[in-house]
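Here the structure is laid out as structure tokens; the discussion comes afterwards.
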Number of protein chains: 2
Amino acid sequence: MTATTDTRERLLDVAEVMFAERGVRETSLRGITQKAGTNLAAVNYHFGSKNGLVGAVFQRRLGPINAERLRRLDEAERVAAGGPVTLEAILRAFLEPALHGRRDAHACFVLVARAHLAPDPELRAMLMSAFDAVAARFGAALQASLPGIPPTEFFWRMHFLIGSLCHTVVNGALLEDISGGLCRGDDDEEILARLVSFGAAGLRAAVDEGAREASSSDVAAARASARKRRTRR
Amino acid sequence: MTATTDTRERLLDVAEVMFAERGVRETSLRGITQKAGTNLAAVNYHFGSKNGLVGAVFQRRLGPINAERLRRLDEAERVAAGGPVTLEAILRAFLEPALHGRRDAHACFVLVARAHLAPDPELRAMLMSAFDAVAARFGAALQASLPGIPPTEFFWRMHFLIGSLCHTVVNGALLEDISGGLCRGDDDEEILARLVSFGAAGLRAAVDEGAREASSSDVAAARASARKRRTRR
DNA sequence: GTCTATAAACGGATAGAC
DNA sequence: GTCTATCCGTTTATAGAC
């Protein structure tokens, strides 16, 4: 289908799709190289290892997509002219560059979500580093547009939203099943619109009057104890 | 630690924890049998296969938990005395039986979430059948408590909420990282309170005025086309 | 019921010819 | 750069002794 004739590029294309469809660990290099019309050794020659191939698949798309995300957020802030940017605008600035692309970008998007949910820590670490810059920028923008939400609550809600996004992207077929066919799980425009309205409402939810927000000393203590828990393993 | 002396029970205990911690596919029968102080053949003798062991781990907990879920929903509806049951009460009826249990139940809960997100269709199929009854009851109750939300929108939001839940349960450690240690990802009571308020707000979100809801003929068409898509593979 | 030993297959990585 | 052939570890599953 694609006009690429280069072996390296063909491997990236095939791996991207197969990883997205079945998961990284569930896809063998033999299966990839067979479908790409080459042989096992080609992967090690071009990418060094299976994880090298995974990383290359990520890098090919994530750089441009994340740059576009930042560009759109800048644009939204420019339009707001110092005023607050709406939650919905921020969410769209993050989601649209990944969703509105053609099918190739879509496969990588599914792969990213899969890797994010996978039990393999090495896989997730590869992703986290690629998202450092956008995570910082978008986290700050979202927090600024939610002045009434304390930091702790904010992070919880961000986590919930990330879970919604990943699950929806990865398990679109499941949604078709539980809805009896009412919902199309593979329509990116639909994911976008529904998720933005759901997520914005969840992020804006009234803070439970019963919940005591951590004081700054509690924050310091929590950070210290989290460090301890992390190093323990 | 546990006082069980039976090999079969010991295998279930060890498998439950290791599956929850590292994932089913990532955990070898060798690792399980070694930690359980027995040998590889014991698994096949007691459970037939690795998937048989997974199913047995599910069944041991899911039956009682799902029964308790239905009991609590009945109780909430009885208290409401024919009136509407609040969204929050329904969500709590579903979540508390899985979360408020002791550590053993918690491990199985993590495992269920993991299996739900895993790329292995066989794993998910084992779960879906176990949840048929509760899914129907809770789906109907939730929909009844959200009279303004059209069915299509409702299923999308349910899907988002399931994603939030699974991601939070499975990737609690990640939340600690992105929050810089502010949030504790392994505190079930905290997951419960935060997720209920976030989810209820998301489910109640105003329906986008621009979105056209499917008419009943569209619904029939969607079901038919979904059937076609499913059988195609 | 529990064990040892082994089968049978599959995985990623690599050496070396071309 | 590309290929074949092979190494070596790991996996699940099973046969058969006790």
Side-chain angles (χ1 to χ4, degrees), chain A residues 2-58 60 111 114-115 118-126, chain B residues 2-58 60 111 114-115 118-126:
Chain A
T2 54
T4 53
T5 150
D6 187 25
T7 296
R8 191 192 138 95
E9 211 64 22
R10 231 166 41 236
L11 278 172
L12 285 173
D13 290 339
V14 172
E16 184 173 57
V17 171
M18 291 185 76
F19 284 154
E21 282 177 349
R22 308 196 278 170
V24 171
R25 202 171 196 269
E26 291 74 9
T27 306
S28 69
L29 293 181
R30 284 182 165 81
I32 294 171
T33 52
Q34 187 191 343
K35 188 170 274 189
T38 178
N39 59 80
L40 196 52
V43 171
N44 238 272
Y45 175 79
H46 286 286
F47 307 101
S49 70
K50 184 178 185 179
N51 270 347
L53 173 59
V54 177
V57 170
F58 281 152
R60 185 172 61 154
L111 168 56
R114 236 187 238 295
D120 181 357
E122 196 172 343
L123 214 58
R124 281 223 303 265
M126 277 198 279
Chain B
T2 54
T4 52
T5 149
D6 187 26
T7 296
R8 191 193 137 94
E9 211 64 22
R10 230 166 43 235
L11 278 171
L12 285 173
D13 290 338
V14 172
E16 184 173 57
V17 172
M18 291 186 75
F19 284 154
E21 282 176 349
R22 307 195 280 170
V24 172
R25 204 174 195 279
E26 290 74 10
T27 305
S28 71
L29 294 182
R30 282 183 163 81
I32 293 171
T33 52
Q34 187 191 342
K35 187 169 274 188
T38 179
N39 59 79
L40 197 52
V43 172
N44 238 271
Y45 175 79
H46 286 288
F47 307 101
S49 68
K50 183 179 185 179
N51 271 346
L53 173 58
V54 177
V57 170
F58 282 152
R60 184 171 61 153
L111 169 57
R114 236 188 239 294
D120 181 357
E122 196 173 341
L123 213 58
R124 282 222 304 265
M126 277 198 278

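Sequence lines set the chain letters: A, B, ... in the order given, protein chains first and strands last, and positions in each chain run from 1.
With contacts defined as side-chain heavy-atom distances shorter than 4.5 Å, the pair B/Phe58/B/Leu111 qualifies.
Of the listed nucleotides (D/dT2, C/dG12, D/dT11), D/dT11 has the atom at the smallest distance from the side chain of B/Ser28.
We find that CG of A/Asn44 is positioned 5 Å from C1' of C/dA13, with the value rounded to whole Å. Atom-to-atom, CD of A/Glu122 to P of C/dG12 comes out at 14 Å; the value is rounded to the nearest Å. What separates CD of A/Glu9 from C1' of D/dG1 is a distance of 16 Å, to the nearest Å. In this entry the distance linking CD1 of A/Ile32 with P of C/dA13 reads 11 Å, nearest Å.
The two residues B/Arg114 and B/Gly23 have their closest heavy-atom pair at CD-CA, 3.5 Å.
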Let me check I have this right: for DNA chain C, each base becomes ., (, ), [, ] or |, based on Watson-Crick or G-U pairs with both distances under 3.5 Å. What is the full string? ||||||||||.|||||||

Could you walk me through whether B/Val24 and B/Asp120 satisfy the side chain to side chain contact (heavy atoms under 4.5 Å, CB included) test, starting with their C-alpha distance in whole Å, then the side-chain angles of each, then the deciding distance to 0.1 Å, before giving a yes or no? CA-CA 10 Å; B/Val24 172; B/Asp120 181 357; over 6 Å; no

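For A/Ala15, the side-chain contact (heavy atoms from CB on, under 4.5 Å) test picks out A/Phe19, A/Ile32, A/Leu53, A/Val57, with sequence neighbours left out. In terms of the salt bridge (Lys or Arg N to Asp or Glu O under 4.0 Å) criterion, residue partners of B/Arg60 (sequence neighbours excluded) are, by chain and number, B/Glu9, B/Asp13, B/Glu16.
Remark: B/Ser49, B/Lys50 in residues 47-56 of chain B come within less than 4.0 Å of DNA chain D through at least one heavy atom. Of the residues in residues 15-27 of chain A, not one places a heavy atom less than 4.0 Å from an atom of DNA chain D.
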Please list, one pair per line, the donor and acceptor atoms closer than 3.5 Å that link side chains of residues 39-46 of chain B to other protein atoms, with sequence neighbours excluded.
| residue | atom | partner | partner atom | Å |
| --- | --- | --- | --- | --- |
| B/Asn39 | OD1 | B/Ala41 | N | 3.1 |
| B/Asn39 | OD1 | B/Ala42 | N | 3.4 |

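Counting only residues at least two apart or in different chains, side-chain hydrogen bond (donor to acceptor under 3.5 Å, both in side chains) contacts with residues 17-28 of chain B are absent. Pairs passing the side-chain hydrogen bond (donor to acceptor under 3.5 Å, both in side chains) check and including a residue from residues 47-58 of chain A, sequence neighbours excluded, read A/Asn51-A/Glu122.
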Summarise how protein sits on nucleotides 3-8 of chain D as a single string, 5' to 3': B when a protein heavy atom is under 4.0 Å from the base, S for sugar-phosphate-only contact, - for no contact. BB-B--

